[in-house]
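Written below as structure tokens is the structure these notes are about.
Note on naming: letters A, B, ... go to the chains in the order of the sequence lines (proteins, then strands), and numbering restarts at 1 for each one. Given the structure is predicted, the values throughout are model-derived calculations rather than measurements.
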Amino acid sequence: MTRAAPAYWLMKSEPFKYSWDDLVAEGEGTWDGVRNYQARNNLAAMQVGDEAFFYHSREGLEIVGICTISVAGISDPTDETGKWAAVKVKPKEKLARPVTLAAIKAEPRLAEMQLIKQSRLSVCGVTAEEWNIIRTMAEG
DNA sequence: GCCAACGTTGGC
DNA sequence: GCCAACGTTGGC
């Protein structure tokens, strides 16, 4: 399956477990351990070349960087049943200015973001419009 | 650290 | 198939 334009995502991580800096240090990270069906469906829909915001949850509460999907459609190596999905990501760029959850909530055009609507979903879809708005907000 | 929101599980 | 109990996530 191919797609003309890259899709956009937002992936949450608790920085004390796995932070943006950890990903940069590793060079490539496996996004595994997801045990939510909706998040899994998002993971399974990802393709190489898609881009994702890296969001720090619990602490920070902000988008800190952008990563690209480097390997798609793999099964979660931490899962023995084989039914959970994972991808590999590489850091692409660190945002000049992190975009905080508060800033996202304060922007009416972002009120419909899956991030806002489903606060507990750890892998969210982002529309191209939302992506561009946040990229603009992240410019220094 | 607390707790609300939400997803999952299991008894009936 | 319903729903109460339970576990987890994530904002505050």
Quiz item: Between A:Asp50 and A:Met46, is there a donor-acceptor pair closer than 3.5 Å when you use the side chain of the first and the backbone of the second?
Solution: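 Flag not set: sc A:Asp50 to bb A:Met46 has no pair under 3.5 Å.
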Self-check item: Sidechain-backbone polar pair: A:Arg40 side chain, A:Lys83 backbone, donor-acceptor under 3.5 Å
Solution: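 Yes, because the side chain of A:Arg40 sits within donor-acceptor range (under 3.5 Å) of the backbone of A:Lys83.
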Quiz item: When you check every protein heavy atom under 4.0 Å of nucleotides 2-9 of chain C, what one-letter string (B, S, -) results, 5' to 3'?
Solution: -----BBB
Exercise. Could you list all the salt bridge (charged side-chain N to carboxylate O under 4.0 Å, His left out) pairs where at least one residue sits in residues 55-79 of chain A, not counting sequence neighbours?
Key: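 Residue pairs with at least one partner in residues 55-79 of chain A: A:Glu14-A:Arg58, A:Arg35-A:Asp76.
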Within this structure, what is the [atom1]-to-[atom2] distance between [X] and [N], rounded to whole angstrom?
| X | N | atom1 | atom2 | answer |
| --- | --- | --- | --- | --- |
| A:Gln118 | C:dG10 | CD | C1' | 14 Å |
| A:Gln114 | C:dG10 | CD | P | 13 Å |
| A:Gln38 | C:dG10 | CD | C1' | 16 Å |

Practice problem: Verify the distance criterion only: is there a donor paired with an acceptor across the side chains of A:Tyr18 and A:Glu26 at less than 3.5 Å? | Solution: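 The answer is yes; a qualifying pair exists.
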Quiz prompt | Residue of the set A:Trp9, A:Phe54, A:Trp84 for which ring pair (Phe, Tyr, Trp, His ring centres under 6.0 Å) holds with A:Trp31 | solution =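 Option passing the ring pair (Phe, Tyr, Trp, His ring centres under 6.0 Å) with A:Trp31: A:Phe54.
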